[in-house]
Amino acid sequence: QVQLVESGGGLVQPGGSLRLSCAASGFAFDNFAMGWYRRAPGKEVQWVSSINIGSSLKTYTDSVKGRFTISRDNAKNTLYLQMNSLKPEDTAVYYCAKRTSAVLTSRVDSWGQGIQVTVSS
């Protein structure tokens, strides 16, 4: 079965950096677009970023453009999110998500368990 396991979260000061990883298994990773989502305290789940199978297309929500970078290593079945210049408003549980096809905007059909990112001084 599909498994998505996030790692790399934690507590960081404003202006700091973190890199999230998502280890994928149970499916042909290089056949599917992938994404990152987050849920801030008291708010709904928000889409953060998506990447296509060949990494030629990457999209971001406006609030993270220029600060976050999504990437993937198909040989390692791993998705990444490099987060720089972190702000307190980036505090959230971050989720790795598998899409239903190679299409960047296809719906999500599998989620990781989530990992906490806290930005605070």
Note, Ser110 side chain near Arg99 side chain (heavy atom, < 4.5 Å): no
Hphob cluster co-occupancy, Val48 + Val5, side-chain heavy atoms under 4.5 angstrom: no
Heavy-atom side-chain contact between Thr61 and Phe68 under 4.5 Å: no
hydrophobic_cluster_shared for Val93 and Trp47, side chain cutoff 4.5 Å: yes
Distance-only donor-acceptor pairs under 3.5 Å for side chains of residues 19-26, two or more places apart:
none

Pair Glu89, Thr91: side-chain N/O donor-acceptor within cut-off below 3.5 Å: no
Carboxylate-amine/guanidinium proximity below 4.0 Å for Asp62 and Lys65: yes
CZ-CG distance between Arg67 and Asn84, expressed to the nearest 0.5 angstrom: 9.0 Å
With Lys43 via side chain to side chain contact (heavy atoms under 4.5 Å, CB included) - residues at least two apart: Ala40
From CZ (Phe27) to CD (Gln3), nearest 0.5 Å: 10.5 Å
Give the table of side-chain donor-acceptor pairs shorter than 3.5 Å for residues 69-77, with sequence neighbours excluded, one pair per line with atom names and distance.
from, atom 1, to, atom 2, distance (Å)
Arg72, NE, Asn74, OD1, 2.8
Arg72, NH1, Phe32, O, 2.9
Arg72, NH1, Asn52, O, 3.1
Arg72, NH2, Phe29, O, 2.7
Arg72, NH2, Phe32, O, 3.0
Arg72, NH2, Asn74, OD1, 3.4
Asp73, OD1, Ala75, N, 3.0
Asp73, OD1, Lys76, N, 3.2
Asn74, ND2, Ile53, O, 3.0

Non-hydrogen side-chain atoms of Gln46 and Trp36 separated by less than 4.5 Å: no
Heavy-atom side-chain contact between Ser120 and Gln13 under 4.5 Å: no
Linked, directly or transitively: Leu18 and Tyr60 (ILVMFWY side chains, under 4.5 Å): yes
Pairs meeting criterion ring-ring contact (aromatic ring centres under 6.0 Å, His included) with involvement of residues 94-120, two or more places apart: Tyr37-Trp111
Side chain to side chain contact (heavy atoms under 4.5 Å, CB included) against Ser101, all qualifying residues, sequence neighbours excluded: Val103, Ser106
Test log, rule side-chain contact (heavy atoms from CB on, under 4.5 Å), inputs Met34 and Leu4: CA-CA 11 Å; Met34 299 289 295; Leu4 301 170; 4.0 Å; yes
Residue from Val117, Val119, Val64 passing side chain to side chain contact (heavy atoms under 4.5 Å, CB included) with Met83: Val117
Residue pair Val12 / Thr118, side-chain heavy-atom distance below 4.5 Å: no
Qualifying salt bridge (Lys or Arg N to Asp or Glu O under 4.0 Å) pairs with a residue from residues 111-121, counting only residues at least two apart or across chains: none
Polar side chain donor-acceptor pair, Thr100 to Asp109, under 3.5 angstrom: no
Gly15 backbone acceptor or donor facing Ser85 side chain under 3.5 Å: no
Polar side-chain atom of Asn31 near backbone of Ala28 as donor-acceptor pair, under 3.5 Å: no
Side chain proximity check, Val45 to Arg38, heavy atoms < 4.5 angstrom: no
Separation of Leu81 CG from Ile115 CD1 (nearest 0.5 Å): 11.5 Å
